[in-house]
Trainee: 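Once you've had a glance at the structure underneath, I'll fire off some questions.
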Amino acid sequence: MIGPISPIQIVAILGSFGLLLIILDLVRKRRLAEEYCLLWIGVGVAFMAISVFRGLIERIAALLGIFYPPSAIFLIAIFFIVWLLLRFSLIVSDLAEKNRTLAQEIALLRLEVEGRNAGDARAGDAGGGQAAGGTGG
Amino acid sequence: MIVPAYNEEESLPGVLRELAAAAPEADILVVNDGSRDGTSRVARATGVLVADLPINLGIGGAMQTGYRYAQRKGYAVAVQVDADGQHDPRELPKILGPIAEGRAALVIGSRRLGSGGYRSSALRRFGTSVLSWIVSRLTGVRLGDTTSGFRAANRRVIEAYARFYPSDYPEVEALVYLHRQGLAVLEVPVSMRERRGGRSSITLRRAAYYMVKVPIASVIGALRGRETP
């Protein structure tokens, strides 16, 4: 279904191609984790397919009962973007939680280490006396 | 005693001296929440325990650091006190009493019922009463001042808070959470003083955010049900 190529189609194809290149470059430089690379390559390929085969989007639109085919693109894009943002919010929340736990753990460990060092120093001064533990009411 | 502190070098030494004088048998832990000023230094100079968080976690994350410490070290009771000098350490027995008698798991020293010269703005009083109403609806317990940071907690609360402590303006949510865990909260009147130095972190915009976020978070907290460890 490749009819005469319109200027917008050229822009869309170049855009999709550019997106794919950027994704591949990011993965190559290890700046994008593999789990996201698959997702984004999928997006790039989908864009490419829609740009090259103009009939594709019309068919999808007809299938969904949408009269104006470009609306189908917007609809799909919006659903996809909302889903993606929700996913990213989940990932960010999870990371923030882990980050919080790690920071607390570091603070408590540092406190523990300082206490031991102080205890050792005192024990050394007293000629091998026992270091005091930190428990109490 | 847990004292969360963020950029409180001005008021902290005085507060710590007062606390030590009022409760010489207690261990004091300052949780320095990634302060940019000399909070950690001035706290260490007074000889108390200091846990330095490497990054700023906000009051919830700092508070939980204290509870995690108490949980690991096996403390039976933990008290949280604000670093700004608002709370009078001589009132400690008032919030510790009901814990010792087993009348409550968590005791809040409330400024609403208080006697001493603390007056707040009309807007703030309105906000406080809205929050009280929400907490009353959700938990069935009538509380006048749900945001006070002067609290005493028994071992079961220490364990619950070590497991989970809400973040981002946690005071009210932390109460709803306890209620869901089946732990009793009690309020006793204490007097409040003006803060000693530094600045309150409350601005109008933050207050507005607070009034939207806290009720929603509290309702969600109430829907969560009991979390088993």
Side-chain angles (χ1 to χ4, degrees), chain A residues 26 29-36 39 78-137, chain B residues 1-2 4-5 23-35 39-40 43-44 47-79 96 99-100 152 154-155 158 161-168 170:
Chain A
L26 286 173
K29 288 179 183 158
R30 294 183 210 277
R31 284 180 54 195
L32 188 68
E34 268 84 2
E35 47 186 310
Y36 304 118
L39 174 75
I78 289 170
F79 274 138
F80 177 71
I81 289 166
V82 168
W83 173 77
L84 203 62
L85 286 177
L86 192 64
R87 243 187 86 88
F88 283 164
S89 295
L90 283 176
I91 293 167
V92 170
S93 306
D94 183 51
L95 286 175
E97 174 67 32
K98 286 176 179 163
N99 198 31
R100 180 163 113 142
T101 308
L102 282 176
Q104 292 175 337
E105 213 50 55
I106 287 172
L108 293 177
L109 278 174
R110 210 192 278 176
L111 180 62
E112 189 79 35
V113 169
E114 279 168 11
R116 283 195 190 177
N117 287 345
D120 287 350
R122 238 180 289 131
D125 291 344
Q130 249 190 319
T135 40
Chain B
M1 281 191 280
I2 308 165
E25 72 289 350
D27 293 333
I28 300 173
L29 172 71
V30 171
V31 182
N32 168 30
D33 190 13
S35 300
T39 296
S40 176
R44 280 164 199 279
V48 301
L49 296 164
V50 180
D52 284 307
L53 287 164
I55 46 178
N56 179 255
L57 292 184
I59 178 72
M63 227 39 258
Q64 194 182 28
T65 309
Y67 280 112
R68 290 204 155 144
Y69 180 81
Q71 192 259 331
R72 284 176 201 183
K73 294 291 180 180
Y75 286 89
V77 180
V79 173
L96 285 170
I99 300 274
N154 73 4
R155 181 71 198 169
I158 291 173
Y161 280 164
R163 272 201 306 279
F164 170 80
Y165 199 85
S167 57
D168 195 27

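Labels below follow one simple rule: chain letters A, B, ... track the order of the sequence lines, proteins then strands, and each chain is numbered from 1.
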Trainee: Measure across B/P54 and A/A103 and return the closest heavy-atom pair with its distance rounded to 0.1 Å.
Mentor: CD-O, 3.5 Å
Trainee: Less than 4.5 Å to any heavy atom of chain A: does that hold for the side chain of B/R44, its backbone, both, or neither?
Mentor: side chain
Trainee: Side chain from CB out, backbone as N, CA, C, O: work out which of these in B/Y67 comes under 4.5 Å of a heavy atom of chain A, or both, or neither.
Mentor: neither
Trainee: Nearest 0.5 angstrom please: A/E112 CD to B/Y69 OH, how far?
Mentor: 7.0 Å
Trainee: Using non-hydrogen atoms and a 4.5 Å limit, figure out which bit of B/L57 sits close to chain A: side chain, backbone, both or neither.
Mentor: side chain
Trainee: Can you tell which of B/L53, B/V31, B/L29 has the highest number of heavy-atom pairs within less than 4.5 Å of chain A?
Mentor: B/L53
Trainee: Do B/R72 and A/E105 meet the salt-bridge criterion of a basic N to acidic O distance under 4.0 Å?
Mentor: yes
Trainee: CG of B/D52 to CG of A/L111: how many Å apart, nearest 0.5 Å?
Mentor: 9.0 Å
Trainee: So, taking the atom named CD1 in A/I106 and the one named CD1 in B/I55, what distance separates them when rounded to the nearest 0.5 Å?
Mentor: 7.5 Å
Trainee: Hey, what do you get for CZ (B/R68) to OG1 (A/T101), rounding to the nearest 0.5 Å?
Mentor: 5.0 Å
Trainee: What part of A/R100 gets closer than 4.5 Å to chain B, counting heavy atoms only: side chain, backbone, both or neither?
Mentor: both
